[in-house]
Amino acid sequence: MQMEKVQRSADDIVLRMIELADKNYNCSQIMMILALDQEGRQNPDVVRAMSGLGDGCGFFNETCGIMTAAASILSWYAGKGADSETESEKLLPMLEELGDWFRQEIVEKHQGSRCKDIVGDLVGTEEGKQICGGVIFQTYNKVNEILSAHNFV
């Protein structure tokens, strides 16, 4: 799926992230809304579905919702979505690249890939939002880098 990409500055992205967080979207939803915004699209059903991935699948004990949202965004571009489609041969390498990067940049820094490893008891606090906001920004940029390298944007 090749889409028309809307270019936004880093400042615009950060402001949009703050706006969405203030509206009580979780990390996974913010990631997907940023991706949808980038394409000039809205999809409340997809955003709603992403809510189950946020906060470590809602319990803080599972994989970071930012990582699972990032994988979902890559799959949105390269996965199979209808009987008439085929999954891109680029999907698995893109997911592997994302996973390798996430392990190096996020997991090593926070000693784990679970929400509670990354933000711990700071969830819901301003400090916790700062931590997650940084991870969202880094990961969103990495997703776009991967998509660009594989000619999806």
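The side-chain heavy atoms of Val46 and Trp76, taken from C-beta on, include no pair separated by under 4.5 Å. Counting only heavy atoms from C-beta outward, the side chains of Tyr77 and Val153 approach each other to under 4.5 Å. At least one side-chain heavy atom of Met67 sits less than 4.5 Å from a side-chain heavy atom of Leu98.
Among all heavy-atom pairs drawn from Leu53 and Ala69, the shortest one is CD1-N, 4.4 Å. Contact record, Leu91 with Gly79: CD2-CA, 4.0 Å, taken as the closest heavy-atom pair. In terms of heavy-atom proximity, Cys27 sits nearest to Gly54 at SG-CA, 3.9 Å.
Identified under the salt bridge (Lys or Arg N to Asp or Glu O under 4.0 Å) test for residues 26-37, with sequence neighbours left out: Arg8-Asp37, Arg16-Asp37. Legend: salt bridge (Lys or Arg N to Asp or Glu O under 4.0 Å) pairs involving residues 79-96, not counting sequence neighbours: none detected.
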- request: Evaluate the side chain to side chain contact (heavy atoms under 4.5 Å, CB included) criterion for residues Cys64 and Ile106: first the C-alpha distance (whole Å), next the side-chain angles of each, then the deciding distance (0.1 Å), finally the verdict.
  value: CA-CA 10 Å; Cys64 170; Ile106 307 303; 5.9 Å; no
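Considering only residues two or more places apart in sequence or on other chains, Ala21 meets the side chain to side chain contact (heavy atoms under 4.5 Å, CB included) condition with Ile30. Among residues two or more places apart in sequence or in another chain, the side chain to side chain contact (heavy atoms under 4.5 Å, CB included) test is passed with Lys142 by Glu97, Trp101, Glu145, Ile146. Legend: residues meeting side chain to side chain contact (heavy atoms under 4.5 Å, CB included) with Asp45, ordered by chain and number and at least two apart, are Asn43, Arg48.
For Asp121, the CG atom is loosely surrounded, since the number of other residues' heavy atoms within 6.0 Å does not exceed 12.
Interatomic distance, CD of Gln104 versus NZ of Lys109, reported as 14.5 Å (0.5 Å rounding). Rounded to the nearest 0.5 Å, atoms OG (Ser51) and CG (Asn24) are 12.5 Å apart.
Classification of Lys23 and Glu19 as a salt-bridged pair holds, one side-chain N sitting under 4.0 Å from a carboxylate O.
In terms of modelled atom types and a separation under 3.5 Å, the side chain of Ser148 and the main chain of Asn144 share no donor-acceptor contact.
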List the atom pairs, with distances to 0.1 Å, where a side-chain N or O of residues 133-141 and a protein N or O form a donor-acceptor pair under 3.5 Å, not counting sequence neighbours.
residue: Thr139; atom: OG1; partner: Val135; partner atom: O; Å: 2.7
residue: Tyr140; atom: OH; partner: Leu34; partner atom: O; Å: 3.4
residue: Tyr140; atom: OH; partner: Gln38; partner atom: OE1; Å: 2.6
residue: Asn141; atom: ND2; partner: Phe137; partner atom: O; Å: 3.2

